[in-house]
Amino acid sequence: MSDSSGGSNIVVETTQRILRDRCTPALVNEAERGEFPAALWETLEESGLTLAWVPDEFGGAGAEIADGFGALRAAGEHALPLPLAETMMAGFLLARAGIACPAGPMTVAPVHAADAVQVGADGTLQGSARLVPFARWAGHLAVPARRGGEACVALVALADCAVKPGQSLAGEPRDGVVLHGVRPLELAAAPGLDADALGVLGAAVRAVQMAGGLERTLNMALEHAVTRVQFGRPIGGFQVIQHALAQFAGESAAAGAAADAAAEAIAAGAALTDAEVVAEVAAAKIRVGEAAGVGAAIAHQVHGAMGFTYELSLHQVTRRLWTWRDEFGGEAAWSIRLGGIAARAGADALWPLVTGTH
Amino acid sequence: MPVSFRFDPVQLPPEAVALREEVRAFLREEIAQGSFSPLGTGRESSWSPEFSRKVAARGWIGMTFPKEYGGHGRTHLERYVMIEEMLAHRAPISFHWVADRQSGPVILKYGHEEVRRDIIPRIMRGEASFAIGLSEPNSGSDVFAASVKATPAPRGNRDGWLLNGTKIWTSNAHRATHMIGLFRTSPPTKENRRFGLTQFVVDMTTPGISTRPIINLAGRHEFNEVLFQDAFIPAVNMIGERDMSYATATAELAYERAGPDRFLETISVLNELVRSAGPEPGERLAEGIGREIAHLKTLRRMSLSVAAMLQAGKTPAVEAAVVKDLGTNWEQALPGRARGLLPPAEGDESYAAVMRFNTLIAPKLTIQGGTREVLRGIIARGLGLR
Ligand SMILES: Cc1cc2nc3c(=O)[nH]c(=O)nc-3n(C[C@H](O)[C@H](O)[C@H](O)COP(=O)(O)OP(=O)(O)OC[C@H]3O[C@@H](n4cnc5c(N)ncnc54)[C@H](O)[C@@H]3O)c2cc1C
């Protein structure tokens with residue numbers, strides 16, 4: 001057992017420190033009202049976190065992949081209303097495609113498998129993307145796009161695109177972006193970095209954010225259970241509440257372990273669409289997504305009416321959990337894929353699929 | 001306060017990875033020779049002294065026991081890999097299972113030197129098997145209400161104790177060579193109702209011990225009633241200090257609760273579901289299978305993480321309860337969820353057979369080794385709620 005502050009390394013500690021001080025419930029609510037938290041963004045950018053996954057030679061901080069995931073777990077814990085994860089993912093794609101990273105907030109698309117983007121014969125893009133996180137606040141977009149049979153990564157200026165505002169369940173920008181006819185600032189062939197690869201990376205990232213968010217809501221529920229008094233004692237003294245929280249703790253721990261597995265698989269450095277990476281990430285997105293549903297429900301039940309208010313910050317995390325579950329593939333889509341992998345491998349290969357090669 | 005349970009990732013060392021291949025090869029060979037069926041329909045007994053002796057010959061019983069007692073001095077991670085392979089292939093390991101998992105480690109930790117020298121080598125040769133004597137007719141979840149008496153009774157020049165009373169639900173008592181039992185040596189005190197109980201190693205051939213079968217709902221004879229009538233056990237067989245078992249019991253539970261046996265008991269359902277589904281299942285079936293694999297992979301990581309905690313010398317009792325709670329709930333629900341995806345009558349014959357057996361054994365999974373409710377109580381205490 002330990003406190004919820006995560007690992008002991010410098011990247012994660014820095015993130016925790018910044019977010020604990022600066023990512024307050026008031027700031028999260030302001031962001032939901034549409035104010036871009038520019039000062040906090042600058043702090044994150046100055047710390048190097050936003051380009052954590054970009055090697056030095058491409059203008060990034062060159063942090064370990066695993067440390068980046070640690071920072072994103074903290075971001076999930078604090079309901080950070082900024083495109084830190086998206087900028088990190090964009091940097092990941094761009095750097096691997098050999099494209100230098102611009103400064104400022106970035107985002108990625110497609111988030112949903114159906115939104116394929118192509119490069120036309122004239123070098124402009126075809127297609128559009130729905131529910132793109134923070135598009136209206138971002139300067140640039142990294143998009144895996146197909147040029148004929150070839151996987152490419154495009155760097156696009158969002159100023160060149162039509163952006164239709166929309167909102168996630170958490171009130172974060174999730175905007176439609178029309179890419180049709182847009183000429184990318186940069187375009188580079190990037191074998192293996194197709195939309196599916198981004199889907200795998202995005203699923204791992206969302207799983208990690210959810211694991212952080214779940215741990216936070218668990219702690220809020222525990223705190224509430226020992227302070228709220230009814231029938232003459234803290235509600236945490238009632239066995240039903242204890243058992244619900246015990247179940248929640250199990251779900252949160254499982255989410256943490258599953259998210260770690262996904263992060264670890266990606267950090268190991270194989271291609272994002274490598275079979276073993278896909279299996280680990282699929283398992284994580286499924287397991288964490290389920291845990292998010294169960295955990296958020298228990299957190300709200302334990303909080304009573306207070307938890308249903310806008311005033312209490314519980315919703316800042318639970319609404320993000322409900323959003324992240326559906327992004328980069330929900331439990332159902334990943335289950336179908338993982339089940340299909342298992343079926344094709346056959347019953348006698350099931351156990352090796354479970355253990356992986358290590 | 002903030003608390004949460006951490007199950008840190010584990011990188012298996014190369015020797016554990018190599019061991020996995022060795023164990024898989026051994027099991028493939030045994031299956032090919034017909035020494036057991038990996039199917040898990042419950043038709044074959046999982047109790048096989050012959051098989052246990054083969055496992056012993058490979059050095060896979062008492063892997064973590066220290067060298068000075070003839071142990072192999074290997075890591076908990078290596079042992080973890082070995083047992084998960086045994087369990088996933090449904091190898092018949094019941095004979096040595098309890099001894100290897102908990103009785104041996106407990107004797108090593110708290111037993112008298114004389115008993116250690118005597119029993120540990122026998123466990124490692126696959127000759128000693130253990131039953132667990134905790135439950136009594138009036139003491140189930142409330143383990144510390146145990147009342148089977150141990151009274152001091154020197155016999156000739158040997159110090160010893162006389163046992164009297166009845167234990168119940170004792171798995172394998174009719175065929176195990178030994179038991180570690182919990183006995184009342186003093187009344188509880190006002191301040192500590194858990195005081196007054198002492199564990200002893202009991203030789204099951206001791207005169208005055210008899211067992212009566214209890215047939216379970218699957219029609220099998222696995223658990224028993226055990227009657228003690230003036231059964232004499234030597235004083236050296238005491239484990240730990242007199243009256244103080246409550247202080248040492250937690251360590252045993254950490255061994256007992258977090259292993260892969262706590263989520264792999266109904267695994268044949270998933271294997272045979274995948275077999276019946278064929279290479280191109282419909283979306284609904286694929287989705288169901290994918291979900292179960294996601295749970296299974298996660299449980300396995302958590303259990304492996306507990307093995308690493310044991311290796312680091314910790315006593316992860318609460319973490320073990322978390323894994324057992326998640327694991328047993330999952331393995332218990334598996335046959336029911338499989339049924340929803342593919343009715344038994346519509347799958348292969350082998351699927352129907354494993355579904356029959358595992359549907360019948362499912363109820364026990366959240367009772368044996370501490371009920372779901374007891375585990376959640378332990379977790380709640382770990383969360384600071386009790
Ligand atoms: C297949 C099998 C094998 C077993 N093998 C062994 C063995 O080898 N050795 C051995 O010693 N025992 C063994 N047991 C017994 C097992 O340890 C007990 O069944 C278990 O501890 C529960 O005790 P009980 O059956 O008396 O149920 P009870 O304790 O009477 O419980 C009945 C129900 O009430 C609930 N309950 C009890 N107390 C509370 C509470 N305070 N709060 C909330 N709910 C509560 C329980 O969770 C359960 O749901 C075995 C059991 C099974 C099913």
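Chain letters run A, B, ... following the sequence lines, proteins first and then strands; every chain starts at 1.
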K.L.:
Hey, could you give me the CZ/CG distance between B:Arg339 and B:Asn358, rounded to the nearest 0.5 Å?
P.N.:
14.5 Å
K.L.:
Counting heavy-atom pairs under 4.5 Å with chain A, which one of B:Ile378, B:Asp8, B:Ile293 comes out on top?
P.N.:
B:Ile293
K.L.:
Should the ring pair A:His224 and A:His303 be called parallel, tilted or perpendicular, given that the plane angle runs from 0 to 90° and is split at 30 and 60?
P.N.:
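The arrangement is parallel - the two ring planes meet at less than 30°.
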K.L.:
Give me the contact list for residues 265-274 of chain B versus chain A, heavy atoms only, anything under 4.5 Å, ordered by residue number.
P.N.:
B:Leu270, B:Asn271, B:Val274
K.L.:
Looking only at side chains, do B:Gln33 and B:Glu29 share a donor and an acceptor under 3.5 Å apart?
P.N.:
yes
K.L.:
Measuring from atom CD1 of B:Ile289 to atom CG of B:Leu296, what distance do you get when rounded to the nearest 0.5 angstrom?
P.N.:
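Reported to 0.5 Å precision, the distance equals 13.0 Å.
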K.L.:
So which heavy atom on B:Pro316 is nearest to which on B:Met309, and how close?
P.N.:
CB-SD, 3.5 Å
K.L.:
Answer yes or no: is there an ion pair linking A:Glu215 with A:Arg73, defined by an N-O contact shorter than 4.0 Å?
P.N.:
yes
K.L.:
Hey, what do you get for CG (A:Leu222) to CG (B:Leu383), rounding to the nearest 0.5 Å?
P.N.:
5.0 Å
K.L.:
Show the nearest heavy-atom pair for residues A:Val12 and A:Asn9, with the distance to one decimal.
P.N.:
N-OD1, 3.0 Å
K.L.:
Tell me, for A:Leu218 versus chain B, whether the close heavy atoms (under 4.5 Å) come from the side chain, the backbone, both or neither.
P.N.:
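The side chain, not the backbone.
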K.L.:
Taking every non-hydrogen pair under 4.5 Å, which of A:Arg344, A:Gln239, A:Glu290 racks up the most with chain B?
P.N.:
A:Glu290
K.L.:
Quick one: what part of A:Ile341 sits under 4.5 Å from any heavy atom of chain B, side chain, backbone, both or neither?
P.N.:
neither
K.L.:
For chain B, which of A:Gly256, A:Ala254, A:Gly340 has the most heavy-atom pairs under 4.5 Å?
P.N.:
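Maximum pair count with chain B is reached by A:Ala254.
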K.L.:
Verify whether the ring centers belonging to A:Trp334 and A:Phe328 lie closer than 6.0 Å.
P.N.:
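Between A:Trp334 and A:Phe328, the centre distance exceeds or equals 6.0 Å.
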K.L.:
Measuring heavy-atom distances to chain B, does A:Pro234 have an atom under 4.5 Å in its side chain, in its backbone, in both, or in neither?
P.N.:
neither
K.L.:
Backbone N or O of A:Arg325 within a donor-acceptor pair of the A:Lys285 side chain at under 3.5 Å?
P.N.:
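A pair under 3.5 Å: yes.
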K.L.:
Determine which residues belonging to residues 320-327 of chain B lie within contact range of chain A, meaning some heavy atom pair is under 4.5 Å apart, and list them by number or answer 'none'.
P.N.:
B:Val322, B:Leu326
K.L.:
In terms of heavy-atom proximity below 4.5 Å to chain A, should B:Leu264 be classed as side chain, backbone, both, or neither?
P.N.:
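B:Leu264 touches chain A through side-chain heavy atoms alone.
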K.L.:
Salt bridge between B:Arg28 and A:Asp348, side-chain N to carboxylate O under 4.0 Å?
P.N.:
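Not counted as a salt bridge, because no side-chain N and carboxylate O are separated by less than 4.0 Å.
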K.L.:
Calculate, to the nearest 0.5 Å, the distance between atoms CZ and CD belonging to B:Arg262 and B:Gln368 respectively.
P.N.:
5.5 Å
K.L.:
Picking from B:Met302, B:Glu85, B:His295, B:Glu283, which has the most non-hydrogen pairs under 4.5 angstrom with chain A?
P.N.:
B:His295
K.L.:
Nearest 0.5 Å, please: how far is CG in B:Leu299 from CD in B:Glu331?
P.N.:
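Between atom CD of B:Glu331 and atom CG of B:Leu299 there are 9.0 Å.
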K.L.:
Which answer fits B:Arg284, side chain, backbone, both or neither, if we ask what part of it has an atom under 4.5 Å from a heavy atom of chain A?
P.N.:
neither
K.L.:
Decide yes or no for A:Glu13 and A:Gln16: does some side-chain heavy atom of the first lie under 4.5 Å from some side-chain heavy atom of the second?
P.N.:
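They are not in side-chain contact.
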K.L.:
Among A:Ala283, A:Ser335, A:Gly237, single out the residue with the greatest number of heavy-atom pairs under 4.5 Å to chain B.
P.N.:
A:Ser335
K.L.:
Please flag which part of B:Glu373 lies under 4.5 Å from any non-hydrogen atom of chain A: side chain, backbone, both or neither.
P.N.:
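B:Glu373 touches chain A through backbone and side-chain heavy atoms alike.
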K.L.:
Looking only at the side chains, is there a donor atom on one of A:Gln316 and A:Ser313 sitting less than 3.5 Å from an acceptor on the other?
P.N.:
no
